[in-house]
Amino acid sequence: MTSGVDHETGYDLVVRGGLWFDGSGAPGVVRNLGIRDGVVEVASTDELLVGPDTEVVDAHGKWVLPGFIDTHTHYDAEVLVGPGLSESVRHGVTTVLMGNCSLSTVYVNALDGADLFSRVEALPRDHVLRALDSARTWSSPQEYVDALDKLPLGPNVTAFIGHSDVRASVMGLGRSTEPAVSPSRAELAAIDDKVNEALDAGFLGVSTMTNPWDKMDGDRYRSRTLPSTHASWSEFRRLHRILRRRGRVLQAVPNLNTKYDVAFFALASTGLGRRPMKASVLAAADTKAERWVNRIFGPIAYAANRIGKGMFRWQHLPTTFEVHSDGIDLVVFEEFGSGRAALHLKEELGRNDLLKDEGYRRWFREDFEKKFSPRVWHRDFDDTRITECPDESLVGRSIGEVARDNNLHPVDTFLDLVVEHGRKFRWHTVIANDREKVANRLIRTPGVTVGFSDAGAHLRNMAFYNFGICLLRRIRDNEKRGTPVMPLGEAIHKLTGELGDFYGIDAGHLRVGDRADFVVIDPAGLNDDVDAYHEAAMDEFGGLSRMVNRNDDAVTATAVAGKVVFREGSFVPGYGTSIGTGRFLRAGVEERGPAPVRGTPVAHPL
């Protein structure tokens, strides 16, 4: 396959001899790629002209594929102070979707934005507030897009408009989180207008949240549920009509207590006698707490899409959902009342007084031992591992083991460790997706798409930046064992073209004429390092040590808009500061060629 004419000066970039996948699901073919002006100009078996300024990537024995699309991130604050978003790019991600879970920073002011984001997404509130306060130059969605495009973005970005963001900006954060307060007719019209304004600016659609576990931060409305959780079904239907009419996407997190609103979102996506609405819902997972749940995702998607002629999709994390916790600072404790009471208290001394109280401990034990309460966490302290503790004799053991050694209830042992060691007591557990056979079935299930990495959030709790690498390793390993899950080209399609096409963005393909966003994978690097634990300092948030991944043997190069920005474990000089390769991708708009080099990111006082 060829296109264009070789020039005497050569191509800007030549990728030689790799097994090339175009993101369509087709098998790979060995080709040399010639890239000029940020676009794939030729894919040929012939040697391509290399000039004195041509950059060459030797991809013999490697896979060359479109850059991964991360459909579920919370980079809304980080992108303002660290626009390179390097933890994603170093793992082959070239496009990220922000504004998920009803949370965006387009309409609300910096203080409201910090209170909406910080506790829900386990981000340091002071740094979120500083990032938003120092960066905010916009007062409309179009001005927000313009502000992002002035940053030296590493990957391409795009976004949903958050339901909580819009609702709070119209009603005020206080009124929008009062259970007894409903928006007036004028306020509902204003919500509609703001959503339409965001869609006009190229936003993907609307994100919403009905799960009551996620709580507000700050001092004004602390522990209230997010504004979107207070919306009525009629308010949701107004949003659905807008999205259906304009062909945009609803991203939703259902109520994980009752779960019945999954049916509401599935029905809203159907197209019997009307235009279907695209809906992307969290999450298709095989949770340890409820082993039966993994069986419902296929039938719900079948009913919505095949019978109802809808466009309903589940998001699925294609790797083991494992988490770490510093003491009690983990979102799973929001599931039950006693856990929420502890997380409501910001100061460690006040929290410790609560945790030592015998009445509170009885309450916690009762919550913990309820057999049939809704849950995502299995609440089994034997299924834990202590990874860090000032008492080094405990490292490597489970909390349950320590409890038995001391003839204590495991809840008392856990609370004692939190009181004694605070956040220096760090432990690990697996929440979901631990059974490979079930994970393989889910990834093949029609209506299940890749998502839910939560990149940029829960910085001390989890790191799924390398979700694409994890899936490719599983596909490769199963193929080598003689138990294939799906062809490699189809797996790459699920990480790239399928997502770009569903969300309506110009991403996920690496054909002749496409923007050259790609990653080079060395299959020999798909080894045990994919699962290894790593931390790295996050300068943008005051040197916070966050969980990351390091699969540099697997990802040998990442390029955005024809510019190789990451190669052999290192970023190019100026990446994310003076070199900006990404851009804001508007829904339904083709974006071709390289983005202009942009200025430095917003100064962030630490």
Side-chain angles (χ1 to χ4, degrees), residues 1-7 9-24 26 28-44 46 48-51 53-59 62-70 84-85 88-96 152-158 468 492-493 495-497 499-501 505-521 555-568 571-572 575 579-585 589-598:
M1 183 188 304
T2 61
S3 176
V5 178
D6 287 351
H7 298 272
T9 56
Y11 292 97
D12 300 330
L13 174 64
V14 168
V15 184
R16 283 179 172 161
L19 186 64
W20 167 54
F21 297 85
D22 66 6
S24 68
V29 292
V30 176
R31 291 289 187 273
N32 301 312
L33 303 185
I35 295 163
R36 196 190 321 274
D37 295 331
V39 174
V40 180
E41 192 169 289
V42 62
S44 175
D46 300 327
L48 301 181
L49 183 62
V50 173
D53 297 322
T54 301
E55 182 174 9
V56 177
V57 174
D58 184 357
K62 300 178 177 67
W63 306 337
V64 181
L65 47 136
F68 304 135
I69 300 174
D70 191 342
L85 303 179
S88 286
V89 173
R90 75 183 303 132
H91 295 104
V93 173
T94 57
T95 300
V96 301
L153 297 171
N156 303 302
V157 302
T158 187
I492 290 169
H493 174 64
L495 294 165
T496 58
L499 300 172
D501 293 345
I505 52 175
D506 182 23
H509 295 284
L510 191 65
R511 303 158 301 199
V512 170
D514 285 324
R515 188 180 57 253
D517 302 335
F518 66 87
V519 57
V520 180
I521 304 291
V555 177
T556 61
T558 304
V560 181
K563 172 69 176 178
V564 177
V565 294
F566 177 77
R567 192 169 184 178
E568 306 295 343
F571 286 93
V572 297
Y575 176 77
I579 292 178
T581 49
R583 66 182 71 192
F584 188 94
L585 299 182
V589 176
E590 288 191 357
E591 305 279 359
R592 293 290 187 263
V597 174
R598 304 182 186 93

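Using a 4.5 Å cut-off on side-chain heavy atoms (C-beta onward), Val50 and Val56 make contact. At a threshold of 4.5 Å between non-hydrogen side-chain atoms, the residues Leu48 and Val42 count as touching. Using a 4.5 Å heavy-atom cutoff, the side chains of Leu153 and Thr581 are not in contact. Within the 4.5 Å cutoff, no side-chain heavy atoms of Ile69 are placed close to those of Val93. Counting heavy atoms from C-beta on, the side chains of Tyr11 and Ile35 never come closer than 4.5 Å. Put simply, the side chain of Leu33 does not reach to within 4.5 Å of the side chain of Val14, judged on heavy atoms. The side-chain heavy atoms of Leu510 and Leu65, taken from C-beta on, include no pair separated by under 4.5 Å. Within the 4.5 Å cutoff, side-chain heavy atoms of Glu568 are placed close to those of Thr556.
A distance of 5.0 Å separates CZ of Arg567 from CD of Glu55, quoted to the nearest 0.5 Å. Atom OG1 of Thr94 is separated from atom CG of Leu85 by 12.0 Å, given to the nearest 0.5 angstrom. Interatomic distance, Leu49 CG to Asn32 CG, rounded to the nearest 0.5 Å: 12.5 Å. To the nearest 0.5 Å, the span separating CZ on Phe68 from CG on Asp70 amounts to 11.0 Å. One distance of note links NE2 of His509 with NE2 of His493; it measures 7.0 Å at 0.5 Å rounding. Atom-to-atom distance recorded for Arg31:CZ and Phe21:CZ is 12.5 Å, nearest 0.5 angstrom.
Residues passing the side chain to side chain donor-acceptor pair (under 3.5 Å) test with Asp12, sequence neighbours excluded: none. Looking at residues two or more places apart in sequence or on another chain, you find a side chain to side chain contact (heavy atoms under 4.5 Å, CB included) between Glu591 and Asp506, Arg515, Arg583, Leu585, Arg586, Val589. In this structure, the ring pair (Phe, Tyr, Trp, His ring centres under 6.0 Å) partners of Phe571, at least two apart in sequence or on a different chain, are Phe566, Tyr575.
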*For Phe518 and Val15, run side-chain contact (heavy atoms from CB on, under 4.5 Å): C-alpha distance rounded to whole Å, both residues' side-chain angles, the deciding distance at 0.1 Å, then the answer.*
CA-CA 10 Å; Phe518 66 87; Val15 184; 3.7 Å; yes

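Minimum heavy-atom separation, Gly10 to Thr54: C-OG1, 3.9 Å. Taking every heavy atom of both residues into account, Val89 and Gly84 meet most closely at CG2-O, 3.7 Å. Considering every non-hydrogen atom in both Pro66 and Ile492, the closest pair reads CD-CG2, 4.2 Å. Among all heavy-atom pairs drawn from Thr496 and Gly67, the shortest one is CG2-O, 3.7 Å. Closest heavy-atom contact between Val520 and Val57: CG2-CG1, 4.2 Å.
Remark: the backbone N or O of Ser24 is paired with a side-chain donor or acceptor of Asp22 at under 3.5 angstrom.
A donor-acceptor contact under 3.5 angstrom links the side chains of Asn156 and Asp517, judged on distance only.
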